[in-house]
Student: 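Dropping a structure here in structure tokens format, bear with me for questions.
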Amino acid sequence: MGEDVAKHEFTREDRTRYRTKVRRCLDVFARMLRESRFDFERPMTGLEIEINLIDEQGDPAMKNHEALEVIDDPDFVTELGQWNIEINVAPRRLAGGGITSFEETVRRSLNSAEEKAREVGAHMVINGILPTLRTKHVQPDQLSSNPRYALLNEQVLAARGEDLQISIDGVERLHLTASSIVPEAACTSTQLHLQVSPEQFPAYWNAAQAIAGVQVAVGANSPFFLGKELWRETRIALFQQATDTRGDELKAQGVRPRVWFGERWINSIFDLFEENVRYFPALLPICDDEDPLAVLDHGDTPALSELKLHNGTIYRWNRPVYDVVRDRPHLRVENRVLPAGPTIVDTLANGALYFGLVRALAEDERPLWSQMSFQAAEENFNAASRNGLDAQMYWPGVGTVPVVELVLRRLLPLAHEGLIRWGVDSAERDRLLGVIEQRCLTGVNGATWQAREFHRHYDHTHLDRADALRTMLKSYVELMHANEPVHTWPVTGA
């Protein structure tokens, strides 16, 4: 969904033609996999971070168009809500200081963008859900002006046939009826990309699914939505419900949701693309003029535009990606489970844990997923979303244990080994994985810090809920800019 779309009305003929074209793309993709036509000799990693905009009071600033104009940097692009933008960081290898290079690049870009955005009264915050959002901010008129978002909104609601129902039962309860997908814009994430070969893809995707719960538990940073304290990573439940094209009857029939953990380990990347085509009707049936088979027969690389567009409207937490760069096709695992923030150093620490663990697990002689049911991985993911660092998780050979014990005793050594295999130097490994270790030892990540700081103000001062959240956010922003990891952040008055 990162590309502009032009067509605004779809006929039955459009949908029939699109279905035929997508299946043709799938056949061509299968042939490309058989013929090993992919670039993977120098695997690259990538990073995207979604960002919130706030005003001087800490409330959402509906100014992404104005902010992007003054930032004037092609790495920054629009996002769904008028208070959202995104930075896309150029891909690079992890070896030879790649992780530090990511950190330095993002900090430099964000500092420059922050300085320019101030000219239009906007300031940047990287977190999973902006805690000062209120109901008036998630209304249809707050959708970004880019036509693709209006079109996506229309198609989701048309497929559903009724308003969206959002219900989250956590520390507090929230029930919301929404007439648009704008609540989805509250979910701001970090996306990690990892280029792999076709042969490697199943192991890396399975490994990413197996550790998704661990990632969410240690990286949780979304405890509030519309003023209520809900899950430690509320973003997971909110995103699932804010884009759900199914009514109650389709849910009862077992129709899959478009925000999907999945339901099985895979043997090929083709499994995922084939499931997408088999299970999910088109939301945006837009065809281009390319004949992918003719392009392939000519010795060139097909764009497979319809297959890519379809894939982009199915929001797997670990998404398969087909892309073409300089006429060379490649495959990526797009890891989408993490929230944004709290700092860039925390973001890269989360990345180091992910890249290290998936490498170690994907290359293990006895695959973890041969010892663990897919359902157990999904249950870990859901438990982590609710409980963060307090979650209990199942792990083969260990049983059900606190996630902090699992990370400290089992997973950090594996992550170190995986980063060694990537060629990450010892100073980077120790610094970034040390951040993860300290979060587990102190019990503090972004979600727990936000909740503690909020309660410090709300429970022990005269501030009402809205002002306590604004005060908490003000402290958050100051500490975020200092770029000290969140486990070191003080709680005011503590």
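Side chains are part of it too, since the values below use all heavy atoms of this structure and drop only hydrogens, waters and symmetry mates.
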Student: So, the side chain of Asn206 versus the backbone of Ile266: is there a donor-acceptor pair under 3.5 Å, distance only?
Tutor: yes

Student: Does NE2 belonging to His175 count more than 12 external heavy atoms closer than 6.0 Å?
Tutor: yes

Student: Between atom CH2 of Trp83 and atom CG of Leu130, what is the distance when rounded to the nearest 0.5 Å?
Tutor: 8.5 Å

Student: Applying side chain to side chain contact (heavy atoms under 4.5 Å, CB included), can you list everything that pairs with Asp27, at least two apart in sequence or on another chain?
Tutor: none

Student: Restricting to side chain to side chain contact (heavy atoms under 4.5 Å, CB included), what partner residues turn up for Arg108, sequence neighbours left out?
Tutor: Glu104, Thr105

Student: Looking only at side-chain N and O atoms, does Asp327 offer a donor or acceptor that is under 3.5 Å from a partner on Thr301?
Tutor: no

Student: Answer yes or no on whether Arg336 is positioned over the face of Tyr315, meaning its NZ or CZ is under 6.0 Å from the six-membered ring centre and within 45° of the axis.
Tutor: no

Student: In sequence, state the C-alpha distance, the side-chain angles, and the governing distance for Asp289 and Lys21, and then conclude on salt bridge (Lys or Arg N to Asp or Glu O under 4.0 Å).
Tutor: CA-CA 10 Å; Asp289 295 329; Lys21 189 73 179 290; over 6 Å; no

Student: With sequence neighbours left out, write down each residue that passes salt bridge (charged side-chain N to carboxylate O under 4.0 Å, His left out) with Asp163, or none if nothing qualifies.
Tutor: none

Student: Find the distance between CG (Leu110) and CD1 (Ile71) and round it off to the nearest 0.5 Å.
Tutor: 9.0 Å

Student: Any side-chain donor-acceptor pair under 3.5 Å between Gln375 and Ser373?
Tutor: no

Student: Taking the side chain as C-beta and beyond, is there a heavy-atom pair between Val89 and Asp75 under 4.5 Å?
Tutor: no

Student: Quick check: closest heavy atoms across Arg319 and Asn311, and the distance to 0.1 Å?
Tutor: NE-O, 3.6 Å

Student: Could you list the donor-acceptor pairs under 3.5 angstrom formed by side chains in residues 348-355, with sequence neighbours left out?
Tutor:
| residue | atom | partner | partner atom | Å |
| --- | --- | --- | --- | --- |
| Asn350 | OD1 | Arg439 | NH1 | 2.8 |
| Asn350 | OD1 | Arg439 | NH2 | 3.2 |
| Asn350 | ND2 | Asp346 | O | 3.4 |

Student: Are Tyr322 and Leu307 side-chain neighbours, meaning at least one heavy-atom pair lies under 4.5 Å?
Tutor: no

Student: What's the separation between atom CD1 in Ile99 and atom CG in Leu94, rounded to the nearest 0.5 Å?
Tutor: 5.0 Å

Student: State, yes or no, whether a side-chain contact exists between Pro342 and Ile126 at a heavy-atom distance under 4.5 Å.
Tutor: no

Student: When you look at Glu275 and Arg264, which way does the salt bridge (Lys or Arg N to Asp or Glu O under 4.0 Å) test go after all the steps?
Tutor: CA-CA 11 Å; Glu275 283 181 348; Arg264 64 189 176 105; 2.7 Å; yes

Student: How would you list, by chain and number, every residue that makes a ring-ring contact (aromatic ring centres under 6.0 Å, His included) with Tyr204, sequence neighbours excluded?
Tutor: none

Student: Going from CD on Glu86 to CD on Glu79, what distance comes out if it is rounded to the nearest 0.5 angstrom?
Tutor: 5.0 Å

Student: Applying side-chain hydrogen bond (donor to acceptor under 3.5 Å, both in side chains) to Arg92 and Ser101, what does each step give before you reach the verdict?
Tutor: CA-CA 9 Å; Arg92 63 206 66 200; Ser101 175; 2.5 Å; yes

Student: Between CZ of Phe76 and CG of Asn88, what distance do you get to the nearest 0.5 Å?
Tutor: 9.5 Å

Student: Decide if the gap between the ring center of Phe374 and the ring center of Trp369 is smaller than 6.0 angstrom.
Tutor: no

Student: Between Arg118 and Glu114, does any NZ, NE, NH1 or NH2 come within less than 4.0 Å of an OD or OE carboxylate oxygen?
Tutor: yes

Student: Under 3.5 Å, is there a donor on one side chain and an acceptor on the other for Asn445 and Asn221?
Tutor: no

Student: What are the two closest non-hydrogen atoms of Pro183 and Leu238, and how far apart are they?
Tutor: O-CD2, 3.7 Å

Student: Would you say the side-chain atoms of Glu48 and Thr190 include a donor-acceptor pair closer than 3.5 Å?
Tutor: no

Student: Short question: side chain of Ser305, backbone of Asp288 - any donor-acceptor pair under 3.5 Å?
Tutor: no

Student: Looking at side-chain heavy atoms only, is the closest gap between His298 and Asp300 below 4.5 Å?
Tutor: yes

Student: If you round to the nearest 0.5 Å, how far is CZ of Arg258 from CD of Gln240?
Tutor: 15.0 Å

Student: Within the 3.5 Å criterion, strictly below it, is a donor on Gln215 or Asn335 matched to an acceptor on the partner's side chain?
Tutor: yes

Student: Which heavy atom of Leu47 sits nearest a heavy atom of Leu192, and at what distance?
Tutor: CD1-CD2, 3.7 Å

Student: Show the nearest heavy-atom pair for residues Gln209 and Phe261, with the distance to one decimal.
Tutor: NE2-O, 2.7 Å

Student: Answer yes if the side chains of Arg332 and His330 hold a donor-acceptor pair under 3.5 Å, and no otherwise.
Tutor: yes

Student: Determine whether the side chains of Ser197 and Gln200 contain a donor N or O and an acceptor N or O closer than 3.5 Å.
Tutor: yes

Student: Under a 3.5 Å cutoff, is there a donor and acceptor pairing between the side chains of Thr11 and Asp14?
Tutor: yes

Student: Measure across Leu473 and Gly58 and return the closest heavy-atom pair with its distance rounded to 0.1 Å.
Tutor: CD2-O, 3.3 Å

Student: Measure the shortest side-chain to side-chain distance between Asn84 and Ile51 over non-hydrogen atoms and say whether it is less than 4.5 angstrom.
Tutor: no

Student: Looking at every heavy atom in both Glu229 and Ala451, which two are closest together, and how far apart are they?
Tutor: OE2-CB, 3.6 Å

Student: Looking at the rings of Phe224 and Trp231, which for Trp means the six-membered one, are their centres under 6.0 Å apart?
Tutor: no

Student: If you count every heavy atom of other residues, nucleotides or ligands that lies below 6.0 Å from Arg278 atom CZ, does the total exceed 12?
Tutor: yes

Student: Kindly check if the number of other-residue, nucleotide or ligand heavy atoms within 6.0 Å of CZ (Arg19) is above 12?
Tutor: no

Student: Salt bridge (charged side-chain N to carboxylate O under 4.0 Å, His left out) with Arg15: which residues, sequence neighbours excluded?
Tutor: none

Student: Please assess Asp73 against Lys116 for the test salt bridge (Lys or Arg N to Asp or Glu O under 4.0 Å), listing each intermediate value before the final yes or no.
Tutor: CA-CA 11 Å; Asp73 182 336; Lys116 293 174 182 177; over 6 Å; no

Student: Looking only at side-chain N and O atoms, does Gln82 offer a donor or acceptor that is under 3.5 Å from a partner on His65?
Tutor: no

Student: Could you tell me whether the side chain of Asp59 reaches within less than 4.5 Å of the side chain of Arg134, counting heavy atoms only?
Tutor: yes

Student: Ignoring hydrogens and angles, state whether a donor on the side chain of Gln241 or Glu184 is under 3.5 Å from an acceptor on the partner side chain.
Tutor: no

Student: So that I can tick it off, tell me whether Glu69 and Lys63 are bridged by a salt bridge, with the cut-off set at under 4.0 angstrom between side-chain N and carboxylate O.
Tutor: no

Student: So which of Phe239, Phe280, Trp317, Phe381 actually passes ring pair (Phe, Tyr, Trp, His ring centres under 6.0 Å) with Trp260?
Tutor: Phe280

Student: Answer whether the closest heavy-atom distance between the side chains of Glu263 and Arg256 falls below 4.5 Å.
Tutor: yes

Student: So Arg17 and Glu13, salt bridge (Lys or Arg N to Asp or Glu O under 4.0 Å) or not? Walk me through it.
Tutor: CA-CA 6 Å; Arg17 184 165 56 252; Glu13 290 78 12; over 6 Å; no

Student: Is there a side-chain contact between Asp244 and Arg160, using heavy atoms and a 4.5 Å cut-off?
Tutor: yes

Student: Can you list the steps and then say if Gln195 with Thr45 is a side-chain hydrogen bond (donor to acceptor under 3.5 Å, both in side chains)?
Tutor: CA-CA 6 Å; Gln195 181 183 343; Thr45 58; over 6 Å; no

